[in-house]
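Excluded from the calculations below are hydrogen atoms, water molecules and symmetry mates; all remaining heavy atoms, backbone and side chain alike, are included. Note that the coordinates shown come from a computational prediction; the quantities given were computed from them, not determined experimentally. FYI, the numbering just counts along the sequence from 1.
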Amino acid sequence: DEPFPFPSLHDPLRRVVAAFGPERVFWGSDMSRHGPSYREALAWVREVDGLGDDALAWVLGRGIRRWLGLERPG
């Protein structure tokens, strides 16, 4: 129920990424529900302290592409 940037969710996300590894955590957004805009939902993940660029790359797309067999060459 708290407004963007949802500070109480930052620590749980960091713990999930630490427990499972960024390669196994996939970001997604259910835009059919009421809540933040798509831009805010994406910005939220990018603003969580402690997730470096490499971890964000995995969480925001690289991991799901690998899981689906859609990795980019190189």
Side-chain angles (χ1 to χ4, degrees):
D1 292 334
E2 67 187 350
F4 176 80
F6 321 111
S8 68
L9 295 178
H10 290 210
D11 185 53
L13 177 61
R14 283 190 297 268
R15 291 190 328 219
V16 166
V17 171
F20 295 99
E23 300 87 356
R24 296 175 59 200
V25 177
F26 309 150
W27 176 82
S29 179
D30 183 357
M31 298 312 295
S32 67
R33 296 179 165 233
H34 297 284
S37 69
Y38 184 83
R39 181 178 295 198
E40 288 175 328
L42 182 56
W44 172 78
V45 175
R46 290 180 171 158
E47 293 178 11
V48 173
D49 291 334
L51 294 181
D53 291 341
D54 189 56
L56 282 174
W58 280 101
V59 171
L60 293 175
R62 187 172 179 198
I64 192 71
R65 286 193 308 271
R66 174 185 277 181
W67 188 66
L68 293 172
L70 302 172
E71 282 190 284
R72 296 177 184 163

Practice task
Output the distance between atom CZ (Arg62) and atom CD (Glu23), rounded to the nearest 0.5 Å.
Solution key: 8.0 Å
Completion exercise
Contacts of Glu2 meeting salt bridge (charged side-chain N to carboxylate O under 4.0 Å, His left out) (sequence neighbours excluded), chain-then-number -> none
Handout entry: Pairs satisfying side chain to side chain donor-acceptor pair (under 3.5 Å), at least one member in residues 42-55, at least two apart
Key = His10-Trp44
Problem - Closest non-hydrogen atom pair between Trp27 and Val45, with its separation - result: CD1-CG2, 2.9 Å
Fill in the blank from the handout: Those residues at least two apart in sequence (or on a different chain) that pass salt bridge (charged side-chain N to carboxylate O under 4.0 Å, His left out) with Arg24 are none
Handout entry: Residue pairs involving residues 8-20 (criterion salt bridge (Lys or Arg N to Asp or Glu O under 4.0 Å); sequence neighbours excluded)
Key = Asp11-Arg14, Asp11-Arg15
Exercise for the section: Evaluate the side-chain proximity of Val59 to Leu51: yes if any heavy-atom separation is below 4.5 Å, no if none is. Expected result: no
Fill in the blank from the handout: Taken in chain and number order and not counting sequence neighbours, the residues that satisfy ring pair (Phe, Tyr, Trp, His ring centres under 6.0 Å) with Trp58 are none
Problem - hydrophobic_cluster_shared for Leu56 and Ile64, side chain cutoff 4.5 Å - result: no
Handout entry: Cluster link Phe26 to Tyr38, ILVMFWY, side chain under 4.5 Å
Key = no
Practice task
Say whether Val16 and Leu9 are linked into one hydrophobic cluster, either directly or through other cluster members, by side-chain heavy-atom distances under 4.5 angstrom.
Solution key: yes
Exercise for the section: Using the test salt bridge (charged side-chain N to carboxylate O under 4.0 Å, His left out), find all partners of Arg65 that sit at least two apart in sequence or belong to another chain. Expected result: none
